[in-house]
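Counting begins at 1 with the first residue of the sequence. Treat the numbers as computed from the prediction; the structure is a model and nothing was measured.
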Amino acid sequence: MKYVIKLEINGVDFEINTEASNEREAKDIMWETIRKSTAIRAIDVEPVANGKTMSSRFVDGLKSALLL
């Protein structure tokens with residue numbers, strides 16, 4: 001059977017056409033198509049607004065809790 005799967009990601013519509021024996025197989029083909037056609041272009045590090053890392057904020061919070 002032929003299946004047409006329609007997706008919306010952040011307001012952008014996508015349509016994937018597959019041939020499968022059932023809906024489950026069509027979904028599996030859809031996810032495989034998404035995995036194959038998706039690539040990470042970059043991972044950028046952004047500084048924390050106040051200059052403290054998550055671990056240093058955790059340690060500061062733990063210290064203040066122990067002092068109470």
Side-chain angles (χ1 to χ4, degrees):
M1 295 189 94
K2 202 171 196 177
Y3 289 90
V4 177
I5 300 172
K6 297 179 181 182
L7 301 169
E8 180 188 334
I9 301 173
N10 290 335
V12 179
D13 292 329
F14 296 92
E15 187 174 292
I16 298 174
N17 297 305
T18 64
E19 287 190 26
S21 58
N22 57 43
E23 286 186 27
R24 174 70 182 179
E25 185 181 1
K27 288 178 186 178
D28 290 344
I29 292 170
M30 176 201 64
W31 287 118
E32 186 62 29
T33 301
I34 290 170
R35 275 189 222 96
K36 285 182 179 178
S37 60
T38 303
I40 297 174
R41 293 189 180 198
I43 299 176
D44 298 325
V45 177
E46 295 184 10
V48 178
N50 62 0
K52 288 190 172 187
T53 64
M54 181 75 97
S55 60
S56 65
R57 285 187 278 163
F58 175 75
V59 170
D60 290 345
L62 186 59
K63 283 180 183 177
S64 66
L66 292 174
L67 291 174
L68 292 177

Pairs under 3.5 angstrom only: tabulate donor-acceptor contacts from the side chains of residues 24-31 to other protein residues two or more places apart or in another chain.
residue, atom, partner, partner atom, Å
E25, OE1, S21, N, 2.9
E25, OE1, S21, OG, 2.5

Could you pull out every donor-acceptor pair under 3.5 Å between side chains of residues 7-19 and any protein atom, sequence neighbours left out?
none

Legend entry - Pairing residues for E32 by the salt bridge (Lys or Arg N to Asp or Glu O under 4.0 Å) criterion, not counting sequence neighbours: R35
